[in-house]
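Letters A, B, ... are given to chains in the order of the sequence lines, protein chains preceding strands, and every chain is numbered from 1. Excluded from the calculations below are hydrogen atoms, water molecules and symmetry mates; all remaining heavy atoms, backbone and side chain alike, are included.
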Number of protein chains: 2
Amino acid sequence: MSRPRTQAERLAATRATLMREARLIFAASGYDAAATEEIVQRSNVTRGALYYHFKDKRAVFEAIVEEVAREIAAAIDRKADPVGDPLQALIEGTRAFLDACLDPAVRRIYLIDAPAVLGWHRWREIDAPHGLRSLREGVTAVLAERPGQGLSVEPVTFLLSGAFNEAALWVAEAKDEKTARREMDRSLVQLMERLFGSPAEPARPPRARARA
Amino acid sequence: MSRPRTQAERLAATRATLMREARLIFAASGYDAAATEEIVQRSNVTRGALYYHFKDKRAVFEAIVEEVAREIAAAIDRKADPVGDPLQALIEGTRAFLDACLDPAVRRIYLIDAPAVLGWHRWREIDAPHGLRSLREGVTAVLAERPGQGLSVEPVTFLLSGAFNEAALWVAEAKDEKTARREMDRSLVQLMERLFGSPAEPARPPRARARA
DNA sequence: GACATTTAGAAACAGGCTGTATGTATGTCA
DNA sequence: TGACATACATACAGCCTGTTTCTAAATGTC
């Protein structure tokens with residue numbers, strides 16, 4: 001296994017190594033400061049190999065962003081049970097997202113650098129079938145239970161997405177991460193419970209709030 | 001006035017020109033693709049002048065980010081009346097922010113590139129006395145009217161900030177910007193009204209949402 | 001099983017861009 | 001008016017990306 005004999009194995013192994021090492025360096029140094037030379041040295045190949053596998057440096061980064069997006073979405077879907085209460089699923093999914101963002105690599109690559117390097121549009125395009133899809137489905141399910149609230153799916157989805165992304169960064173940057181995480185969790189739950197309110201009928205829990 | 005005689009005038013004029021041209025180029029090309037050579041050519045100076053005024057390229061960018069932050073905050077404060085209803089002030093401030101972000105330069109420089117180039121922490125540090133301060137004050141005022149809701153200022157401030165930033169980008173990137181803007185406005189108002197609810201009962205003009 | 005062909009990567013090269021070091025004319029002030 | 005500081009200009013060194021050319025091993029073909 002140390003020296004893959006077949007071409008296909010060799011190809012896959014090299015690509016996987018490049019992706020792994022590049023991800024570490026992108027996470028540690030940021031996209032701009034990450035030199036392709038360092039990536040290939042740690043991968044025990046030359047820059048020729050990198051440019052054989054990827055069109056340019058940006059393409060390497062984009063592939064990694066897609067990978068990270070898939071991982072995040074998988075973590076969310078693992079926690080956000082679609083059969084139970086939709087609002088609860090949304091809350092659990094959000095928690096899974098915040099936990100995924102405890103990894104500095106995720107924050108640096110996915111939240112900070114990706115929009116700048118790939119552009120906001122492309123970034124959202126990549127996320128569309130993953131985290132964003134999961135969130136949109138959650139919002140859709142919650143709103144389906146609560147018709148006539150005057151909330152539309154798309155704006156709410158992006159509002160929440162932006163809020164969650166910033167929440168992750170705020171927690172990570174806080175002096176006391178543990179405490180910040182707990183504080184943010186409370187506020188997030190409050191935000192979603194109040195935004196969406198209780199399902200259906202006017203019958204609301206104890207402290208019914210008047211509508212404006 | 002075309003050739004400032006005194007040194008101080010010359011200094012200020014050159015710096016102002018560099019900032020103006022750099023801002024245009026950073027906005028159009030993004031930080032990375034913006035060459036210092038192009039900045040100085042359009043400013044009718046050489047790179048020597050740029051490196052006399054600024055430590056490096058990043059310092060130019062940082063100065064521009066501070067400038068943009070001040071402008072945004074000024075636009076917000078112009079609209080968010082602190083003497084009226086706090087919630088209404090918050091909503092108006094948010095609208096002013098979204099309007100400020102209609103300028104592509106603001107979005108590209110301030111929302112997209114700044115966190116990547118300067119780092120999230122430094123970015124927030126720069127914003128702290130400006131937009132973030134304004135938002136925090138607004139949230140504080142609103143929560144002061146509504147005690148015991150279990151919402152703490154800091155997490156809510158960052159949640160909202162993240163939501164607003166993403167809202168601005170979503171609106172800008174939408175196919176139909178006008179419609180998107182209206183949709184987002186409705187959702188934003190809903191979000192804030194529901195999150196904060198109605199003020200506590202005691203002593204308050206019945207239903208006066210008086211503001212003009 | 002020889003042989004052309006493709007694959008996967010190596011090696012070398014060119015260009016651009018940043019930052020720095022040094023030079024210089026003009027303004028400033030005793 | 002002469003020394004010094006200011007506000008740039010010029011020249012240079014180094015890094016980093018992307019491209020081009022080259023090569024050895026693997027693969028398909030007869």
Rounded to whole Å, please give me the gap between [atom1] in [X] and [atom2] in [N].
X	N	atom1	atom2	result
A:H53	D:dG18	NE2	C1'	17 Å
B:L50	D:dT10	CG	P	15 Å
B:L18	D:dA9	CG	C1'	14 Å
B:I39	D:dA9	CD1	P	15 Å
A:N44	C:dA8	CG	P	19 Å
B:E9	D:dC8	CD	P	12 Å
A:L11	C:dA8	CG	P	5 Å

Completion exercise
Regarding the side chain of B:Y52, the nearest nucleotide among D:dA9, C:dA8, D:dT6 is D:dT6

Got a donor-acceptor contact below 3.5 angstrom from the [X] side chain to the [Y] backbone?
X	Y	result
A:R146	A:V142	yes
B:R136	B:T157	no
B:D127	B:H130	no
A:R58	A:V117	yes
A:K57	A:A34	yes

Practice task
Sugar-phosphate means primed atoms, P, OP1 and OP2; the rest is base. With that split, encode nucleotides 13-20 of chain C 5' to 3' as B, S or - using protein heavy atoms under 4.0 Å.
Solution key: -----BBB

Problem - Any A:T14 side-chain nitrogen or oxygen under 4.0 Å from OP1 or OP2 of C:dG9 - result: yes

Problem - Pair B:E173 + A:R124: basic N to acidic O under 4.0 Å - result: no

